[in-house]
Structure formats: C-alpha cells, structure tokens
Amino acid sequence: MARTNWDMMVSGSVLSTEKRSRKKVFISQKILSDELPVYVDLGWEKSKEYKSKKYVGISKEKSAQEQFEDRVWTLLSNMGFTELNINDFEMSYDFHDDSLKEKISVMAVDDETIIIVSCHASESLVEHNFYDEITEFNDKIAGLRKEALKHYTGRKVKFIWATHNYISNRKDLALLDKFGIAYFSESTIEYYSELAKHLGSCSRYQLLGSLFANQEIKNMDNRIPAIQGKMGGYTYYSFSIEPEKLLKIGYVLHRSEAYQNMMPTYQRIIKKKRLQDVRNFINNGGYFPNSIIICIDTNGKGLVFDQSATKVDGTISKIGILHIPKRYRSAYIIDGQHRLYGYSDSDYASTNSIPVVAFVDLERTEQIKIFMDINENQKAVPKSLRVTLNADMLWDSEDLSEQRQALRSKIAQMLGEESTSPLHSRVVIGESEITPDRCITVEAIQSALKKCNFFDAYGKKNTLQKSGTFDCGNNQDTCDLFYPFIEKCLLYIRDKSLSEWDKGDKDNGMLTMNRGIQAVIRVINDIVNMLVEKGIISPKTQDINDMFSLIEYYLKPLTEYLNALTPEHRKNLRGYFGGGADTRFWRAYQKAIADSRPDFNPEGLNEYWQNESKEYNDDTRTMLKELESRIKMVISSKLEDYYGESWLIKGLPKSIYTKAKNEADEAIYESVANNGDEVDIPIWDYVPLSDCKQIIINGKNWSMLFEDIFVRPEEEKISGGKEAKTEWVIRLNTITNKLQNDKYSVPVDEYSFVKNVYDWFMGILI
C-alpha cells in the first residue's frame with residue numbers, strides 16, 4: 001500500500017478553488033432522478049432541476065465536524081499558508097506498516113512551518129473527556145512529524161488540538177500541555193479569524209509567534225545599524241528596520257481570551273477601519289516619522305551590540321551594529337501596532353524602513369506602564385481594559401488593599417477566560433464586543449466580589465480590618481483556593497438552570513447578565529458566611545468537594561426559583577433602575593433561598609422586604625426638587641430677558657401673579673408683625689411648580705419663548721397642542737404632592753418618568 005498521497009496537498013489556483021468550496025455550508029451534487037429517494041433517506045434534499053428530467057440536483061448541509069474543519073482550514077488559508085490539504089487527506093505514521101494512516105483534519109504549510117490540526121466538533125454543547133483520544137494522537141505524533149519533514153524538509157512542525165461545542169476540562173488541558181500540543185478553543189479561533197480579516201497574511205506571524213515562541217527563524221539577517229542610549233534608567237536602542245522583518249519577530253500582547261496564559265497583556269485589539277486607513281495612507285506614499293516602541297525579549301541573555309570605532313565626544317550615545325534575535329515572538333510591540341501592521345500586504349513592507357525605539361527585557365508590568373503613559377494623552381484606553389491593566393500592575397503592590405483589588409479583577413478575568421468556566425466567553429474582556437450573550441463586565445464581577453467577605457479587607461497602613469473566608473494571606477494562594485470553588489458553584493447553577501443561563505441578556509434573562517451574576521456571587525458569599533459562622537465548613541482547610549455538598553443544599557432553591565420565573569417576576573426585577581436594582585436582584589435571590597431554607601436568614605433581608613417599597617423615594621424627591629428649581633430659573637430668565645423689569649406682570653397670568661403677590665405680602669406682614677423687621681420677599685418665590693405650566697403656555701410666551709425648550713423629545717409629535725405637550729409639568733407636580741405623604745412609595749414607572757425628565761431637562765443648554 002502506498003504511503004502518504006502528497007498530491008492531496010494543493011497550492012496556487014487549486015488552493016483557491018478548494019477555498020471557495022470550503023466556504024460553502026452546503027454540499028451539492030448532480031444525480032440521476034431515479035436515485036433521489038435513496039439520497040433523501042440519507043439526509044439530502046432536492047435543490048435543483050435540469051432541462052433533462054433524467055437528472056436532479058441535491059444538497060445537504062455539512063455536518064458540524066465538516067463545517068468546523070472548513071473553518072479552521074479557511075483560517076489558515078487566509079493567514080497566508082501556501083499549501084493545504086483537500087478533504088480525506090491521510091498521512092502514514094508508521095514506517096514499518098504503510099497501511100497505518102491517520103486522517104488529518106487540516107494541514108497547512110509555508111516556507112518555514114508545518115501546522116497539523118486535529119479538529120473535533122459537536123452539533124451541540126456537550127461535556128466530553130478526550131483523554132484517550134489525545135493519548136492515542138500523541139502516540140502517532142513522532143511518526144507524523146517524521147513523515148511531514150521527509151516531504152517538507154527544514155521546517156518546524158506544530159500540532160494543534162481544536163474543539164468546537166465541547167466543554168474542556170482541566171485533565172485534558174493538562175495532558176495537551178504535557179505532550180506539547182497546542183489547544184485552540186472557540187475563542188482562540190475567533191481571535192485569529194478576526195485578526196486574519198484585519199491583517200491578511202501578516203496575521204500568520206502572530207500565530208507563529210504563539211506556536212513557535214523563541215524558536216529560530218532561519219535565513220534572516222539580524223544585523224541592524226543602531227544607536228545605543230539611556231533613558232529612564234534603561235538602556236535602549238534606536239534604529240530603522242524593514243517592516244516585514246519586524247513583523248516576523250514582532251508580537252502584540254492583545255488583551256484577548258486567546259492570551260490568558262500570557263497574562264499580563266495590555267494591547268487593544270487592532271481596529272479594522274483604523275488599519276485600513278493606515279494602509280491606504282502608506283500605499284499612497286504616506287509615512288509616519290514617529291517611532292514604534294518595542295521590548296526585545298532576550299530571555300535574560302542581553303543583546304550583542306558591536307560598537308563602532310567612530311565616537312562623538314561629549315555624548316553618552318554610542319553607534320554600532322545591533323544583533324536582534326532571530327526568533328519568533330522576540331519583540332513585543334508596546335506602541336505602534338497599527339503603524340506596523342499597516343505595512344502588511346503592502347508593496348512597501350520590504351522597501352521602506354520604519355523608526356524603532358527598542359528596550360530590552362522589560363518586565364511586563366513596566367511595558368504596561370509605558371503603554372499606559374503613551375496612551376494617557378492619546379486615544380482613551382477603554383475602562384474595561386484599564387481595569388484589567390491596573391489589576392496586573394497591582395498584583396504585587398505594597399498596598400494590600402490594592403493587592404486584593406487585583407485579586408478580584410483576576411478572578412473576574414478567569415471566569416471569562418478559563419475554558420472550564422461556565423462563563424467562558426460570556427464576560428467582556430479588554431475590548432471584546434458586548435453582545436446579548438457576552439454582556440457581563442469585569443467591573444460588575446469585581447464589584448460583587450468587593451461586597452463579599454471572601455478576601456481580607458485592609459485599612460490604612462495595611463491594617464487588617466476583616467478576615468476573608470478564603471484568604472490565605474497572599475494573592476496567588478488565595479486565587480488557587482477560591483477560583484475552583486466559585487467555578488464549581490457557578491457550574492452547578494448553570495447545569496441546574498441551563499435554559500435561564502443560556503438567555504444572557506435576551507428574552508428578559510435574569511441570570512447571565514451583570515445584575516444576575518452579581519446577585520449569585522453575593523448569595524454564595526451569604527451561604528458561606530452562614531456556614532462558617534456556624535462552624536459547619538472551613539474553606540481554608542476543607543476539601544472543596546466536601547464543602548460544596550453543603551453549599552449545594554442552599555443553591556438548589558435558587559435554581560428552582562430561576563427555572564420558575566414568570567413574566568411578571570422578570571418585569572418587576574428588570575424594571576428597576578440605578579444602584580437599587582443590583583440590591584433588589586440580590587435580595588430577591590436571598591429570599592428565594594430563605595423561603596425554602598428557614599435557617600438561611602441573612603442580615604437585613606426581612607427589613608429590606610418590609611421597606612423595599614420606598615426604594616426610589618429619596619432619589620425621586622431629590623430630582624424633583626432640582627427640576628423645580630431649574631424649571632423656574634429657565635422661566636424667569638427668559639421672561640426677564642424678553643419683557644424687562646416688568647416681566648412678572650407681563651409674563652404671568654393675572655390670577656397666578658395676584659395669588660403669588662398676596663402670599664408674598666402675607667409673608668412680609670408676618671415677618672414685620674413677629675420680628676419687627678421688614679424683609680424683601682420676591683413674588684416669584686411663591687409661584688409653585690403647579691402654576692409653571694400656565695405661565696409657559698400663557699399668551700405669546702409659548703410661541704416666542706418656550707415652545708423650543710419645554711417639549712420633551714417623546715412628545716414632539718403627539719397631538720393636542722401646547723396643553724398636551726406640557727402635561728409632564730403637571731405630572732411632576734402630582735408626584736411631588738404624593739411624596740408629602742410619608743407612607744407613599746414611588747413606583748418604578750413614576751421613578752422612570754422623573755429620571756427621564758431629569759436626564760433630559762437638566763442637560764438642556766439654555
């Protein structure tokens with residue numbers, strides 16, 4: 001039997017044809033009409049008729065496995081690999097038995113590397129243990145590598161295990177790491193797919209930098225004329241380099257799920273529009289005179305710098321020849337990724353040179369500081385990215401409060417990034433886009449953890465104020481203890497309320513959105529606190545599985561509550577706004593547990609539900625007071641500007657003026673009678689909010705002064721004229737009157753109305 005059929009590796013025009021086929025979701029073919037029933041039984045559908053009734057066209061959607069293989073194949077093709085396999089490609093791996101072959105999902109080759117991918121996809125999300133399959137695959141790797149290198153000599157080989165719709169587990173991941181097989185999760189493939197869209201073939205260097213980190217790049221001249229200098233206590237080198245050369249050794253530490261094993265990372269994801277603008281600018285002859293900032297990683301060996309014999313007196317700078325590393329991922333791009341990648345797929349990638357300032361062996365936190373300093377006065381670093389960057393920088397802070405802040409952020413990131421986490425790809429990390437499924441922020445989880453008692457709390461001068469239930473005295477040990485616990489709790493909730501878990505922010509979801517997850521974390525904290533206080537569990541010494549069996553008893557009623565949520569429940573909870581909404585979710589989840597577990601009675605729970613009806617009173621009262629003041633100020637200012645000193649008489653209806661003047665006179669009389677002093681009390685002070693509407697629409701006030709100011713955007717097109725369009729003023733007054741009653745509770749619709757008016761009117765520029 002013949003060994004590997006290398007004719008099934010294609011390039012050039014055949015590769016382009018194969019790529020078009022791989023992009024299709026459906027398989028189509030032409031068959032004899034008589035054969036149609038047989039194919040229908042096999043899952044095919046009639047899709048085309050021909051002039052000759054003898055034939056018919058049929059099609060069938062590719063299986064999940066086929067579509068996933070096509071997706072990975074297309075990704076590597078888009079990255080610029082020049083040879084890839086066609087379907088049903090098999091490789092020999094045993095040189096003693098040619099009949100033993102391995103079906104290869106995807107194989108991609110360029111001038112320097114060979115990538116072999118084993119793809120595994122499921123039609124729906126499932127848990128699966130790949131331990132045996134990984135072991136069997138690893139047993140064949142040596143033979144596969146030898147076979148590949150026999151045909152493609154002098155290249156580097158890397159094997160990848162890629163999965164779709166499989167929930168990974170730690171045992172499998174540890175085994176892949178042990179065997180040196182790279183793991184590509186859904187988020188990894190998503191990241192590289194987006195990168196390939198933006199960068200084209202140059203995205204391949206980012207992939208190779210990850211797969212072949214610190215391995216040598218052959219046939220690369222690494223000598224560059226440079227100037228050595230000192231800055232900020234660091235040695236740096238300034239030089240010019242061809243973009244294609246820097247692209248090969250360069251690496252961008254994007255803040256992405258694909259880089260969780262390289263934390264801390266700090267770069268924003270490349271923006272396609274910005275990259276296109278830069279590339280067009282370059283292709284039209286443009287250039288950037290400012291330097292790209294990089295850090296060269298020498299693994300502590302330092303750089304070879306051949307100093308020139310030519311010296312300049314009176315300067316500390318030196319000129320010479322710098323030997324940059326000939327290794328993948330040896331230069332981290334701190335600033336200028338768009339400028340560098342703008343040269344990708346450009347005619348100028350090899351004919352231009354770009355200025356570079358290169359530091360050497362900077363700690364990652366120092367790179368972050370440079371990145372933050374550079375961007376401080378440029379394009380704003382998004383809040384979610386700043387939170388994660390600051391966490392990395394504070395991990396070993398001398399301030400223990402800052403350390404715990406970093407720990408909380410790290411836990412939040414891990415929940416979104418760890419492939420074993422039920423919140424994997426559901427947390428907005430760095431600059432990930434917010435979607436209905438990915439709508440939980442790092443800040444929300446961090447905030448919830450801060451309100452919990454899991455970690456130590458410190459005051460000034462690192463004084464311990466409160467001991468945490470899981471705190472081991474340092475961040476790493478505490479993280480190693482706490483993270484598996486919180487992951488296990490969330491996995492239980494997901495598995496017991498999967499339908500609700502999958503909603504995200506869709507269909508009035510109540511669980512996997514900020515308020516829902518915050519409430520869950522805080523409820524878990526309440527359960528732990530109760531069991532610790534009763535001496536039933538000991539988180540710092542007890543086995544997690546033993547402890548969780550006790551936690552599970554209290555989480556079960558919460559999952560039952562989530563599974564039984566009615567549209568009314570959802571409306572009542574999701575209809576709340578502001579900070580009080582977070583508390584309401586938390587208290588609702590507490591109550592769901594307490595109703596079934598009487599011994600669970602967190603502090604303040606009963607009081608909250610006794611008083612919860614007044615939740616919006618204070619905020620509403622404050623907004624109403626500020627609105628009344630603002631409305632009256634706008635009215636008086638406009639009337640005085642238009643009518644002059646007699647604005648009160650000319651601008652106010654007689655009845656309102658007379659009533660206000662009488663009340664002002666009465667107040668003056670009372671002051672003289674009681675105190676003997678006559679005071680100046682403005683008539684305007686006695687015009688209440690209830691009369692403002694009549695003043696606004698009085699005579700020509702409306703058309704000349706107020707029509708463009710006092711019509712809410714929501715009411716511009718309603719019928720009824722000025723009376724209807726200013727009815728909101730009366731409604732504000734009605735709510736104000738209701739609040740005079742201490743027993744009155746502002747309902748959510750009234751609060752929302754006042755908040756809407758407040759946000760609109762207080763922002764109007766007069």
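Quantities reported herein were computed from a predicted structural model and do not represent experimental measurements.
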If you take all heavy atoms of [X] and [Y], which pair is closest and at what distance?
{"X": "Ser124", "Y": "Ser122", "result": "O-OG, 2.6 Å"}
{"X": "Thr420", "Y": "Ser168", "result": "CG2-O, 3.4 Å"}
{"X": "Arg170", "Y": "Glu487", "result": "NH2-OE2, 3.4 Å"}
{"X": "Ser210", "Y": "Arg329", "result": "CA-NH1, 3.8 Å"}
{"X": "Leu149", "Y": "Val157", "result": "CD2-CG2, 3.7 Å"}
{"X": "Ser421", "Y": "Tyr483", "result": "CB-OH, 3.3 Å"}

Could you tell me which residues satisfy side chain to side chain contact (heavy atoms under 4.5 Å, CB included) with Glu147, sequence neighbours excluded, listed by chain and number?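 Partners of Glu147 by the side chain to side chain contact (heavy atoms under 4.5 Å, CB included) criterion, ordered by chain and then number, come out as Arg3, Thr4, Trp6, Met91, Ser92, Phe95.
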
Using only atom types and a distance under 3.5 Å, with no angle test, would you say the side chain of Thr512 pairs donor to acceptor with the backbone of Trp501?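 Between the backbone of Trp501 and the side chain of Thr512 there is a qualifying donor-acceptor contact (under 3.5 Å).
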
Looking at residues at least two apart in the chain, or sitting in another chain, which of them share a side chain to side chain donor-acceptor pair (under 3.5 Å) with [X]?
{"X": "Asp88", "result": "none"}
{"X": "Asn214", "result": "Arg327"}
{"X": "Ser238", "result": "none"}

Quick one: do Glu136 and Lys140 satisfy salt bridge (charged side-chain N to carboxylate O under 4.0 Å, His left out)? Show the steps, please. CA-CA 7 Å; Glu136 181 181 352; Lys140 301 172 184 176; 3.4 Å; yes

Could you label the plane-to-plane angle of the [X] and [Y] rings as parallel, tilted or perpendicular, counting under 30° as parallel and over 60° as perpendicular?
{"X": "Tyr234", "Y": "Phe359", "value": "perpendicular"}
{"X": "Phe137", "Y": "Phe159", "value": "perpendicular"}
{"X": "Tyr332", "Y": "Tyr251", "value": "perpendicular"}

A quick test of your reading: do over 12 heavy atoms of other residues, nucleotides or ligands sit less than 6.0 Å from NZ of Lys48?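 No, not enclosed.
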
Separation between [atom1] of [X] and [atom2] of [Y], rounded to the nearest 0.5 Å:
{"X": "Asp361", "Y": "Cys295", "atom1": "CG", "atom2": "SG", "value": "6.5 Å"}
{"X": "Arg20", "Y": "Ser16", "atom1": "CZ", "atom2": "OG", "value": "6.5 Å"}
{"X": "Leu84", "Y": "Met107", "atom1": "CG", "atom2": "CE", "value": "9.5 Å"}
{"X": "Thr351", "Y": "Glu242", "atom1": "OG1", "atom2": "CD", "value": "9.5 Å"}

Are the side chains of [X] and [Y] in touch, meaning some heavy atoms are under 4.5 Å apart?
{"X": "Glu83", "Y": "Tyr152", "value": "yes"}
{"X": "Ile141", "Y": "Ile181", "value": "yes"}
{"X": "His323", "Y": "Arg223", "value": "yes"}
{"X": "Lys506", "Y": "Asp437", "value": "yes"}
{"X": "Asn87", "Y": "Arg22", "value": "yes"}
{"X": "Tyr183", "Y": "Thr163", "value": "yes"}

The residue among Val304, Ile249, Ile324, Ile217 that forms side chain to side chain contact (heavy atoms under 4.5 Å, CB included) with Asn222 is Ile324

Ser185 versus Thr188, side-chain donor and acceptor atoms under 3.5 Å: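 Thr188 vs Ser185: donor-acceptor pair found between side chains.
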
Is it true that the side chains of Arg71 and Thr74 contain a donor and an acceptor less than 3.5 Å apart?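 Note: Arg71 and Thr74 side chains miss the donor-acceptor criterion.
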
Give me each pair satisfying salt bridge (charged side-chain N to carboxylate O under 4.0 Å, His left out) with a member in residues 198-214, each pair once, sequence neighbours excluded.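 Sorted result for residues 198-214: Asp110-Arg204.
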
Only one of His164, Glu61, Lys24 passes side chain to side chain donor-acceptor pair (under 3.5 Å) with Gln67; say which it is.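 When His164, Glu61, Lys24 are each tested with Gln67, the side chain to side chain donor-acceptor pair (under 3.5 Å) holds only for Glu61.
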
Under the criterion side chain to side chain contact (heavy atoms under 4.5 Å, CB included), I'd like the reasoning laid out for Trp73 against Asn85: C-alpha separation, chi angles, the key distance, then a yes or no. CA-CA 8 Å; Trp73 190 100; Asn85 63 295; 3.7 Å; yes

Determine, stepwise, if the pair Val117 / Leu76 fulfils side chain to side chain contact (heavy atoms under 4.5 Å, CB included). CA-CA 10 Å; Val117 188; Leu76 295 178; 4.1 Å; yes

What side-chain donor-acceptor pairs closer than 3.5 Å can you find for residues 171-179, not counting sequence neighbours?
from   : atom 1 : to     : atom 2 : distance (Å)
Asp172 : OD1    : Phe130 : N      : 3.4
Asp172 : OD1    : Tyr131 : N      : 3.2
Asp172 : OD2    : Phe130 : N      : 2.9
Asp172 : OD2    : Asn169 : ND2    : 3.0

